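Everything numeric in this text was worked out from a predicted model, so none of it was measured. Atoms within each ligand, like the ligands themselves, are counted from 1 in listed order.
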Amino acid sequence: MHFVPANILVDSEEFNLALLQMAVGTSKVDNLARAVGMVKQAAGKGANLVVLPECFNSPYGTSYFPEYAETIPGPSTQTLSQAAKDNNVFLIGGSIPEKSSDGRLYNSCPIFRPDGTMVAVHRKIHLFDINVPGKIKFQESEVLSPGNTLTIFDTPFCHIGVGICYDIRFAELAQLYARKGCKLLVYPGAFNMTTGPAHWEALQRGRAIDNQVYVATVSPARDDSASYVAWGHSTIVSPWGDIVATTQHGEEIVVGEIDMDRVEEVRSMIPICSQRRQDLYKVIDVHECSENGMEDSLNFYQATITSGRWIEGNIETQTSNWEFIARFCFLSKLGSLSYTFEYPVSYGTQEILLYFDEPGQWESVYRSNKNCSARRSVLSLENNQVIALNTSNTAISRFSGCTVATTNGQAFYSCSGIRTFRSMRERWWYIVVARCDEPLDKVQGLKFYYKLHLTNGEENEFLQYEYSADEFYIFPEDMAYLVAYIIMMALSIVCAVILRNRQLFHSSYKLYMASLSLWLSGLILLCIAWGRYGQYGWQEKPTEVTGRIFQAASTIIFILMVILMAKGYTITRGRLTSISLIRLSIFFSLFIIIYCFLFIWEGLFFDEGLVLYYYESPPGYGLIAMRLVAWLWFLYALFFTLKHHPSKRTFYLPFFIIYTLWFWAGPVVILAAMFGMPKWSREKTINAVEQFVGLCGHLFFLILTRPQAANKNFPYHVKTSQIGILSDPADNDTITGSSTFRSEAYATSSPDMLLPQISRENGTLPPVLGFALPPIQHALPSAPPI
Ligand SMILES: O=C(O)CCC(=O)C(=O)O
């Protein structure tokens with residue numbers, strides 16, 4: 001299996017932590033070699049987790065950072081990755097000056113698993129800018145930029161939160177780490193000879209006692225000749241606040257045992273977690289906070305809000321004790337699910353169940369008749385597919401990150417945690433909340449608030465991080481089409497102006513412009529929706545649906561235009577028969593109604609658990625059928641128009657071929673995608689094809705109707721001002737009747753009356769705005785006077 005939560009390794013209550021208080025010099029190569037040697041020694045001492053100090057590959061100081069900075073991944077992280085792998089240890093790589101792709105510098109801590117994979121990089125969040133007059137002045141922000149994210153990673157032992165040096169002064173960060181389930185906080189640091197003796201140990205013990213977690217700090221060894229003299233004293237403090245292991249300031253490896261039972265013991269003796277007055281104060285991770293945020297988190301509503309890769313909602317059921325809440329497609333070395341759940345303790349133990357897309361898993365339970373226990377039984381506890389949301393110390397509860405809080409006299413479980421997923425191919429995971437141990441005679445249903453954040457890869461991977469893998473590339477696809485459409489819009493406006501000056505700006509061309517504008521507006525909305533989704537992780541459904549409604553309207557108008565032109569409207573005839581108008585009205589009303597049904601169906605009945613595409617629905621099939629009926633109508637109309645006006649075939653032949661392909665391309669690709677394509681590639685493929693088909697439809701129209709002399713297909717040869725004259729309102733209802741233009745209306749043979757601007761020498765129209773209008777093509781018998 002390629003997609004394992006990181007903590008599937010054998011759970012362990014105790015592990016050995018080694019702090020490498022190493023001497024750092026001016027040679028990066030020597031520093032790296034020294035670090036590798038010390039990692040090996042620490043592993044030899046039985047360490048499972050090894051930590052390097054802040055700035056271990058470069059001297060500490062703002063003047064050194066630009067010179068020593070390198071990219072991540074880069075030479076230093078490659079060396080560390082190999083060291084972690086060679087010694088089979090988790091390795092927290094202290095910190096190194098990092099140069100990012102945009103040229104900014106960060107103080108960054110890379111973290112590695114025992115297989116050498118880099119699982120996270122923590123960029124120092126709080127920059128060390130202080131001024132203690134006469135003692136020390138330091139201004140990291142002169143050269144460094146701050147990181148913007150909290151960093152927690154999974155080990156088989158516990159979740160670990162990471163900060164760098166000055167970060168330890170911020171109690172809120174440590175509180176959030178603890179609330180998110182961390183039982184060990186690690187701070188590579190380099191305090192100095194002023195603040196070191198005064199605060200180093202006190203801060204560390206404070207963070208440990210406040211949060212009842214282990215805290216470890218790791219300093220470089222002291223070098224009195226350096227421009228910045230480090231304090232040393234790397235230390236491990238227990239949740240009780242006592243020193244587990246420490247040292248002086250020389251180079252040394254400090255090893256201490258971390259015992260998870262000690263955390264639970266301290267927490268049960270002094271239960272500050274459950275005594276917290278969250279009704280009076282709260283520490284909030286702002287990235288987790290939507291507009292309503294945590295303030296509403298203890299209110300329970302019937303409604304479920306499911307939006308984007310941040311997913312938030314409240315569920316309360318009367319009888320059901322197994323509720324599907326979200327799905328996500330992972331494809332990365334580092335997918336993650338961060339969760340917050342809150343629910344009344346009186347509801348027993350609710351569990352998170354994680355299913356994946358194998359036949360024996362999701363397919364065997366969703367919409368099946370199995371009861372809750374049978375559905376739960378397909379999951380593997382060893383693979384951490386069940387997370388019991390309570391505070392007990394069993395294997396499935398221990399890492400749930402739950403505490404008990406009391407609000408208005410009612411006790412609530414408040415749980416926050418992270419699970420990681422690694423996946424070599426696109427794989428869906430389905431998240432369910434259930435309560436299967438409930439006695440059958442006393443079904444109470446479920447009641448919980450939830451907030452999930454599902455991500456793929458590293459946070460700086462804008463095109464992937466917030467997107468489910470089935471949605472990768474939709475945003476860049478749409479942006480590329482947007483550029484193409486903006487160019488096409490500009491060209492179309494130029495052509496429209498030329499045609500208008502020539503009095504050839506016909507209704508059919510206006511329909512084209514309307515369709516183009518709607519498509520472009522829809523595309524802009526889609527780009528906004530997908531772009532903001534990628535940036536913030538909240539799917540902007542209303543913007544996206546409005547974009548799609550605009551594009552649906554564009555398609556309907558375009559089909560109307562194509563059928564009208566096939567009927568010869570504005571080309572060989574000036575008006576439509578009343579029967580035609582009635583037929584068109586009925587057909588297009590039906591088209592609009594079916595589109596409305598599609599959007600309503602999608603809003604009300606779309607079943608996320610079945611991974612359907614919105615065309616896989618009765619209205620979706622109805623739309624495909626309508627498109628094919630429209631094509632038959634188009635054929636029929638074209639046949640009669642060509643029969644009566646064969647001279648127009650230079651326009652109608654390419655028109656027929658291109659728009660036949662246009663009518664068929666969408667349905668064929670949609671059906672092929674529905675029946676022959678993996679589910680995770682459908683949405684992006686159909687999106688690309690829909691945009692491409694839309695683009696081709698508009699582009700070919702623009703090409704066929706471009707007002708240039710070289711355009712032999714140009715369809716319009718009657719002025720807009722003459723349509724009224726040429727159409728005889730008294731006449732009705734037949735395609736060949738006098739509602740059609742008389743053939744001479746677009747013939748060269750009546751230049752004086754109909755096309756007075758024609759150059760008498762060569763039969764071409766004079767150029768307008770640099771374009772020359774096409775030559776008149778039809779040499780028909782001389783015209784009777786109108
Ligand atoms: O907070 C302090 O006193 C020292 C912090 C420091 O040295 C650092 O952030 O690198």
Verify whether the ring centers belonging to [X] and [Y] lie closer than 6.0 Å.
X      : Y      : result
Tyr60  : Phe138 : yes
Phe15  : Phe90  : no
Tyr533 : Tyr467 : yes

Does some non-hydrogen atom of [X] fall short of 4.0 Å from ligand 1?
X      : value
His126 : no
Phe138 : no
Tyr187 : no
Glu54  : yes

Between the main-chain N or O of Tyr187 and the side-chain N or O of Gln204, is there a donor-acceptor pair closer than 3.5 Å? no

Enumerate the atoms of ligand 1 whose separation from the nearest heavy atom of [X] is less than 4.0 angstrom.
X      : result
Tyr60  : 8 (C), 10 (O)
Thr195 : 2 (C), 3 (O), 4 (C)
Arg169 : 1 (O), 2 (C), 3 (O)
Ala190 : 6 (C), 7 (O)
Lys124 : 8 (C), 9 (O), 10 (O)

With only distance considered, is Tyr228 within less than 3.5 Å of ligand 1 through an N or O on each side? yes

Nitrogen or oxygen of Glu140 less than 3.5 angstrom from that of ligand 1: no

Specify the protein heavy atom at minimum distance from atom 8 (C) of ligand 1: its residue, its atom name, and the distance to 0.1 Å. Cys165 SG, 2.9 Å

Of the non-hydrogen atoms in Leu105 and Pro66, which two are nearest, and what is the gap between them? CD1-CA, 3.7 Å

Any non-hydrogen side-chain atom of Tyr228 less than 4.5 Å from a side-chain atom of Ile136? yes

Should we say atom NZ of Lys99 is surrounded by more than 12 heavy atoms from elsewhere, each under 6.0 Å from it? no

Test log, rule side chain to side chain donor-acceptor pair (under 3.5 Å), inputs Thr394 and Ser397: CA-CA 5 Å; Thr394 63; Ser397 308; 2.8 Å; yes

